[in-house]
Every structure is written in structure tokens, then in C-alpha cells.
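These notes are about the structure you will find just below.
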Amino acid sequence: MRILTLLAACALTLTLWGQTGYRTKSQRAIELYEEAGTFYVKGQTAQALTSINKALERDQMFIEAYLLKAEIFQYLQKYSDAREMLIQTISIDSMYFIPAFYNMGKVEFFMGNYQESIGWFKRYDNLAKTRKQPLKTDQWIMKAEFAIKAKNRPVKIVPRNLGTAINTDLDEYWPSLTADENTMVYTVLVPRDTNAYKMGNLPKTPNYFQEDFYESLRDESGQWQHRQAILPPLNSPSNEGAQTLSADGQWMFYTACGRRDTKGSCDIYFAQRTASGWSDPVNVGAPVNTPFWESQPTIAADGRTLYFISNRSGGIGKKDIWCATVTSIKDDGTPIFGDLKNLGSNINTEGDENSPFMHHDGQTLYFSSDGWPGMGQMDLFLSRKDASGNWQTPENLGFPINTASDEIGLVVNAAGNRAYYSSDGIEGGAGGKDLYVFDLPNDLRPTPVSYVRGIVYDADTKERIAARFELYDVKSGNLKASSGSNGHTGEFLLCLPPGNSYALNVSKSGYLFYSGHFNLKGIHDLTSPRQIDIYLQPIREGSQVVLENVFFATDSYQLTDESRVELDKVVALMTDNPSMTIEVQGHTDNQGSAAYNLQLSQQRAQSVVTYLTGKSIAPARLTSKGYGMTQPVAPNETEAGRAQNRRTQMKVLKK
């Protein structure tokens, strides 16, 4: 979040504040200077500047006052003003406060004057050699040299301002998107007193501003509609921001500070969409939240992995990226987390890492950092997992994606070709930080991801219902994603990473599960995401379901290993319904003789029964029957039709 924490400790200049032996003989100037320091420590920068200006009116050679004023301007990111104050300091007495040269290097760097920045850092080094100054310039010089090279090799992008429906003269930042790219929620820095804001020059501190959520929907023409503030209880008189949406837009995780139920200064909260809007937010608890600072969550498309920022002990730097995994879900839909991990030194540095975004491909992480070589304060980077699942060395996204200003909160659409982010370093914006979109260069793109969406119905009543979704890699049997359909709309969206075959299981207590199969090997075309409406059969005598993910070798009744995921779901269903008995049916196409197909279908049905009894399902609850080619569900004239007819089916005999 942008302003939720003020200064924990003031920087170099304030080491002079409160000392004796000031470089002025005006007692009143000293009093005003110390008054300014008190205001600054409290975050009251406007009052601090008023007092320091009065002190300088008393004595225009008051060097400590110029230093404090430079420090305040640096904090407010008014770097040209800070530069002017430091020049005044050095012109009065260049040897009085040697770190002023170091601060000049930083100010020039943040203004994008990288060559000048290097010059000031080297002057500081020369002066500091004999004075045992502790400040290190190596990293700053390295970053400035990197920035010079990056500007000479600009990335070919054209950031497009999202326009007046999204951006205003306020700060807009931290965009979050659904996988279909039709819903965007973002954070806006809103003045607490509109009239005071119109008068101008309010410092961006919690005393004067609060962070709230706004939402915009994209219409059929691809245009973002005018934003709407999200209603309470999500927006409140306090700060809330740095949010992330789940791929289907049904879950939101976000940051809030100073709440009654917080574990520390800032915690991560959870809310879900309901028939009346967003639910009451819930603190996600341990191990995500601690007595330390937690913020800036991003939920992966698998619906199970939450990445976030924390300054807790045991990390690598000041603020690190951590992750935790959903271990279970409460009856009210709130996730419970475990399996806490630090992302390690391939991602985290001794500095600060911020704004993680895990792309829907599950392999590409975008984040901001001031610890890796960059253009300004926080630069945007990406890192990819290698074949062993290890993070590779982060890559700076380059200029002009990164500028001398702060860049945070980049997100990429599921197709991997468009990126959204906020910046205040681009000319022509509406004011402050604005939201932008640009076409992502090929070498910075993640693996494109498709998705399946639809609505879940009760097959009898046609009412929309909530259900659980699980997506498995057929070959490995690993769970790749999980989610649920919305309780009042029945709508669902589930990402489908390309390159593998997946088994989709949709379940709800009291119903037969739905079985789907997706073969995405080599598929990268995302122009037509899949639309499926699912009708779950209530468990009753005669209800049946096709087991789409039960596989046999050609002309064989031996089950393949890929069938385990599906058959284990049958085991779970029968375990949850101990009085249920079923008939396992085998069906074939019309290739070959009727006698051969009847025998093969019977053998295949029996192979399934044998598997189930091997998993402790009582034989008395199972019947196998082969129907051969007598019950086709599609014409046998095409391969697609024959594939539908070659199926294994489950029918309930007794509930």
C-alpha cells in the first residue's frame, strides 16, 4: 500500500535535529527548527515546512534548516526542491555535512539524472575516505550505470492511459483483473476532506487521505466503463488497498491496517462475492498474518497459493515475498492457510520487494524491488520458474516501463499479451499516479493461459447452485487448480494452462460429480475460451454420469495410470454415500464385431469394479455390465462421434 506506514525513523538529516551548537545565533530560528523536526517526526509535513521556512526567514544561512527542508522534500518525493536545498547547504559550507553529497546522488538518481548521480556519489566517496563515513555508494553507482544502459536500449512499448472513466487527478494504482479481463478493481487515494483537497497541497498521509477500492467493468467493445466505488463493508473510513482478485473474481484478498482484529500493524483480509455484494472482510489469520507487517497479496490462478509481502523475521531483506497454501476451506467459504515459505534469495534482496503478481500460468512472477538494479526507487521485474521449479534471476522490465519514479502493481492478462500498471512518470496523465495498459513485448510475456467458464445447474430444477471445482494434471495426478461456482449465480471460471491434459471434477454434496477432460497439449490459441454449462445430477436411483477421465489402451481392458484421478473420485463419492450401489457400464463404438465389442465393454467395466474393490469398496455395492455398441450417444460416422461412444459410465442403482 502506498501510505499506510509513515516514517519509522528519520534519515540522515535528522541526526542533526536536537543537537547543541547550531550554525546560527538566532534562538528563535533554533526553536522553529526544532518545532519543524517535531512536526516531521509526526508526519505533519505541511506544518514542518511552515516552521522551517520561518526559521530560514530568521537566518538565511541556517545550514541545518536547509538540510531538514531537503529531507522533507525527499520524503514528499519533491526531488527538484530537495536538490535546491542541498545545493544551498553545500554552497554555505560543503564540508559541514558530507552526507549531503550522498543525498545529492540519490536525488539526482530519482530525478533520472543518472550521470550526474554517479558524479555526486564519487565526490562523496572522495570526501568520505578520510572521515570514516559509513554510507555505501557501490549499489547506487551500479544502479545508475544500469539505468544509463537501459535508457540507451529502450523497450518498444506505448503505454496507453486508461482514460477518464478510470483515472482522475487523484492517485489510482494497484490494478487487479479477472482472468477474462472484464472486471478490474483498483485502489484510489481519496481525500478525507474534499474542500481541503481542492485548496491544494495536502500531504499524502493518513491524516488527509484514505485508500478505497473502485471497480470498473469492460463492455463488449472493450471499453472500460466509468468507475464505481465499492460499497461497505469493503470500503470503510479506514485504509484498505493493495488488493488481488481470484481468477474468477469471486475472492478478494487485500490489506488493512490498525483494525481491531489485526495481528500486527497491517494484515491481509479476505472477502467473497455474495448476492448482496462483498461479504464482511475476515482476517486470514496465521501463518499469513503475524505481529509484523503483511501486505500486498496476490492469489495464484490455482486458487490455492497466496503470495504476499512481509517484514517478519527469518526473511532475507527488509520486506520479502512469501507464500502460503490453502489447506482447507471453512463452511462459510473462508480459506485456511498453511505451508508458509519465503521465496528465497533468487527473488528477495536485502532491500524491499513489493507488489508480487503471479501470472495465471503459475510459472511467471512479476514484482517490484529496489534491491535489484533498476531505474528508480521501485522497478518492475519478472522471474520465471525453471524445469526444476526454481526461480531464475529476475529480469528488469526495462525503460520506459520503468522510470526514475516508482513503478508498482503490474498485472498481466491471462493471454499474456497486455500489462496493466500504475505510474506517475508518464507525461500527459490525469494527475498523480494513473493506470496504464501496454502491449507486452514478446520476451517479457508469460505462457498464455486459456480458461473455461460457465454456470452450474441442478439437473432437475435448473436452479443455479454452488459447487467445488478441481483441475488435475491427468499424467501426474497433481491438483493444479481449485475453485468454486458462485453460490447465487452458479457462475464459474477456471484457468487452463496449456501444454497438458487435464481432468476436471465438479462436485457437490448430494449430487453425482461432473467429469470433464481437456487436452491442451500444444494449444496456445486463446481467442475462444471454452463455455460449459454443467448440470449436476442429484443422487437418486437411475441417475448416471460419464466418467470422462477413465482411459484404456486401444483394444485393451487394462486401465491406464491416468485413470486413477477419476476412479479415486468415485471411491470418495461412494465413501461419502455408504448406502449407494452402482452399475459400472462399458460402451464401445461400432468398429469390429458386435460380439467382440460386447466382450471388450464387459471386461472394461469389470476392470473399473476391480479397481474400486481394491480401494475397499464392498463388492456387493458394485455391478459391472458391458453394453458393447448397442447404446451410442453420437453418430459412429465420424471419429469424434465414435470417441463419444467409447465411454465408461456410472449409474446409481440404489441411493
Can you confirm if the NZ or CZ of K341 lies within 45° of the ring axis of W322 and under 6.0 Å from the centre of its six-membered ring?
no
Flag for E562-N549: side-chain donor and acceptor within less than 3.5 Å:
no
Residues passing the ring pair (Phe, Tyr, Trp, His ring centres under 6.0 Å) test with Y436, sequence neighbours excluded, are none
Using the ring of Y173 (Phe, Tyr or Trp, six-membered ring only), decide whether K433 places NZ or CZ under 6.0 Å from its centre and within 45 degrees of its axis.
no
Could you tell me the separation between the CZ atom of R312 and the NZ atom of K319, rounded to the nearest 0.5 Å?
14.0 Å
Results of salt bridge (Lys or Arg N to Asp or Glu O under 4.0 Å) for D386 - residues two or more places apart only:
none
Determine which pairs satisfy salt bridge (Lys or Arg N to Asp or Glu O under 4.0 Å) with at least one residue from residues 222-231, sequence neighbours left out, and list them in order.
E172-R227
For V411, the side-chain contact (heavy atoms from CB on, under 4.5 Å) test, sequence neighbours excluded, returns P175, L177, F357, Y420
Applied to residues 443-455, the salt bridge (Lys or Arg N to Asp or Glu O under 4.0 Å) test, sequence neighbours excluded, yields D180-R453
Sort out for me which residue in L306, T244, T298 forms a side-chain contact (heavy atoms from CB on, under 4.5 Å) with P356.
T298
Check ring pair (Phe, Tyr, Trp, His ring centres under 6.0 Å) between F146 and all other residues, then give those that pass, not counting sequence neighbours.
none
Quick one: CD1 on I230 to CD on Q243, what's the gap to the nearest 0.5 Å?
7.5 Å
Listed partners of F513 passing ring pair (Phe, Tyr, Trp, His ring centres under 6.0 Å), at least two apart
none
Please identify each residue that fulfils side-chain hydrogen bond (donor to acceptor under 3.5 Å, both in side chains) with T305, with sequence neighbours left out.
D302
Quiz: residues 275-282 side-chain donor-acceptor pairs under 3.5 angstrom, not counting sequence neighbours:
| residue | atom | partner | partner atom | Å |
| --- | --- | --- | --- | --- |
| S276 | OG | T274 | OG1 | 3.4 |
| S279 | OG | Q272 | N | 3.0 |
| S279 | OG | Q272 | O | 3.4 |

I'd like to check the side-chain hydrogen bond (donor to acceptor under 3.5 Å, both in side chains) partners of S422; sequence neighbours left out, ordered by chain and number.
none
Salt bridge (Lys or Arg N to Asp or Glu O under 4.0 Å) partners of E353, counting only residues at least two apart:
none
Point-to-point distance, once rounded to the nearest 0.5 Å, from CD1 of I347 to OG1 of T393:
9.0 Å
Ring pair (Phe, Tyr, Trp, His ring centres under 6.0 Å) involving Y421 - partner list, sequence neighbours excluded:
F438
